[in-house]
Amino acid sequence: MPSAELSTGATIAYEVTGSGFPVLLFAPGGMRSAMSFWESAEWNPVAELSSRFSVVAMDQRNAGASTAPVTADDGWATYTADHLALMDHLGFEQFHVIGGCIGGPYCLGAIQAAPDRVASAVLQQTIGTDNNRDAFYDMFDSWATPLAESRDDIDPAVLPAFRSNMYDHEFILSVDRDFVAACPTPMLVLMGDDLYHPQSTSREVADLAPNATLLEHWKAPDEIDGTVTTVREFLRRHTPA
């Protein structure tokens, strides 16, 4: 598995599969988001899209085989900097993004930071706030505590600020409602329906964003083929000439 030492200080493990216009994947898994999670997801975009696109899968910093320092200043922008630096490393100027779970905020963070680079976004059961902040705190702690215990270079005292930077926000966490309401980037929103991925967030993103489409029913076994077809056509339609 190749890895890239980025200017952000992170060493990011990644894989590029297929050829064509690039699609950058942000895997589910919360703070443990790693490319291997796609293998057990409802559908695997690496397998389903690589015949038509260059599919870039990655392990987020300090997840899977990727590593990085941990500081009190870390937050959504830290991850976005990794994402853009990885695509710079690979020589991909423009790309689509697909994010599952925590990948929803990652998608919107990339759009906010580099709107001319992101051609379209697929948000698959994005995380968001809806009387569930304690669940996000617990998820963060279950990742951060053992990570700090395993590494001498991580000061446990920085973890509360890092957690706050990630999960003390509202809505979709990485951006606010005003940004989404003014964002022209085409979006396909595959609705979530549980504690971490509330329906309310998916519906609100789709309602606010001027060029968003909500797909409510997409992950039952008899719906997956149609979902893959819908995603492929969405990406094809918004691939720059």
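The structure presented is a predicted model; accordingly, all values stated were derived computationally and were not measured.
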Is the side chain of [X] donor-acceptor paired with the backbone N or O of [Y] at a distance under 3.5 Å, no angle test?
X      : Y      : value
Asn211 : Thr185 : no
Ser174 : Pro105 : yes
Asp193 : Gln199 : no
Thr229 : Asp225 : yes
Thr145 : Ser142 : no
Arg117 : Glu93  : yes
Asn165 : Ala72  : yes
Thr126 : Leu123 : no
Asp176 : Ile172 : no
Thr11  : Glu5   : no

What pair of heavy atoms forms the shortest contact from [X] to [Y], and how long is it?
X      : Y      : value
Ser202 : Val189 : O-CG1, 3.7 Å
Ser54  : Ser19  : OG-CA, 3.2 Å
Gly9   : Pro69  : O-CD, 3.4 Å
Ala10  : Asp82  : CB-OD1, 3.6 Å
Pro186 : Ala119 : CD-O, 3.5 Å
Ala181 : Pro210 : O-CD, 3.5 Å

Interatomic spacing from [atom1] in [X] to [atom2] in [Y] - rounded to 0.5 Å:
X      : Y      : atom1 : atom2 : answer
Asp207 : Leu214 : CG    : CG    : 7.5 Å
Leu84  : Leu6   : CG    : CG    : 10.5 Å
Ile154 : Glu149 : CD1   : CD    : 10.5 Å
Cys107 : His83  : SG    : NE2   : 9.0 Å
Thr227 : Glu48  : OG1   : CD    : 10.5 Å
Asp194 : Asp130 : CG    : CG    : 11.5 Å

Check whether any side-chain heavy atom of [X] lies under 4.5 Å from a side-chain heavy atom of [Y], and answer yes or no.
X      : Y      : value
Met187 : Ser120 : no
Phe26  : Ile102 : no
Phe162 : Val70  : yes
Thr8   : Arg61  : yes

Tyr167/Thr129 under side-chain contact (heavy atoms from CB on, under 4.5 Å): CA gap, chis, key distance, verdict
CA-CA 9 Å; Tyr167 296 110; Thr129 58; over 6 Å; no

If hydrophobic clusters are built by linking Ile, Leu, Val, Met, Phe, Trp and Tyr wherever their side-chain heavy atoms come under 4.5 Å apart, do [X] and [Y] end up in the same one?
X      : Y      : value
Leu195 : Phe37  : no
Leu173 : Leu208 : yes
Tyr79  : Met35  : no
Tyr14  : Met31  : yes
Met58  : Val118 : yes

Which other residues end up in the same hydrophobic cluster as Val55, if Ile, Leu, Val, Met, Phe, Trp and Tyr are linked when side-chain heavy atoms come under 4.5 Å apart?
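Members other than Val55 - counting any ILVMFWY side chain reachable under 4.5 Å - are Phe21, Val23, Leu25, Trp38, Trp43, Val46, Leu49, Phe53, Ile98, Val122, Leu188, Leu190, Leu215, Trp218, Ile224, Val228, Val231, Phe234, Leu235.
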
Please tabulate, for the side chains in residues 134-141, all donor-acceptor contacts under 3.5 angstrom to protein atoms that are two or more places apart in sequence or on a different chain.
unit_1	atom_1	unit_2	atom_2	d
Tyr137	OH	Asp168	OD1	2.4
Asp141	OD1	Arg163	NH1	3.3
Asp141	OD2	Arg163	NH1	2.9

Does a donor on one side chain sit under 3.5 Å from an acceptor on the other, for [X] and [Y]?
X      : Y      : value
Gln124 : His197 : no
Asn62  : Arg151 : yes
Lys219 : Gln125 : yes

Assess whether a salt bridge exists between Arg177 and Glu170, defined as any Lys/Arg side-chain N lying under 4.0 Å from an Asp/Glu carboxylate O.
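Glu170 and Arg177: not salt-bridged.
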
Between Glu233 and Arg237, does at least one N-O distance fall below 4.0 Å, as a salt bridge requires?
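Judged by the 4.0 Å cut-off on N to carboxylate O distance, Glu233 and Arg237 do form a salt bridge.
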
Please check if the number of heavy atoms outside Arg52 that lie under 6.0 Å from its CZ is greater than 12.
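Atom CZ in Arg52 is not crowded, with 12 or fewer foreign heavy atoms closer than 6.0 Å.
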
Taking CG in Asp152 as the centre, count heavy atoms belonging to other residues, nucleotides or ligands within less than 6.0 Å. Is the count above 12?
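Counting neighbours around CG of Asp152, 12 or fewer heavy atoms of other residues, nucleotides or ligands fall under 6.0 Å, so no.
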
Start with the C-alpha distance between Phe92 and Leu24, add both sets of side-chain angles, then the distance that settles side-chain contact (heavy atoms from CB on, under 4.5 Å), and finish with yes or no.
CA-CA 10 Å; Phe92 293 140; Leu24 175 58; over 6 Å; no

Pairs in or reaching into residues 69-80: which pass salt bridge (Lys or Arg N to Asp or Glu O under 4.0 Å), with residues at least two apart or in two chains?
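Listed once each, the pairs would be none.
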
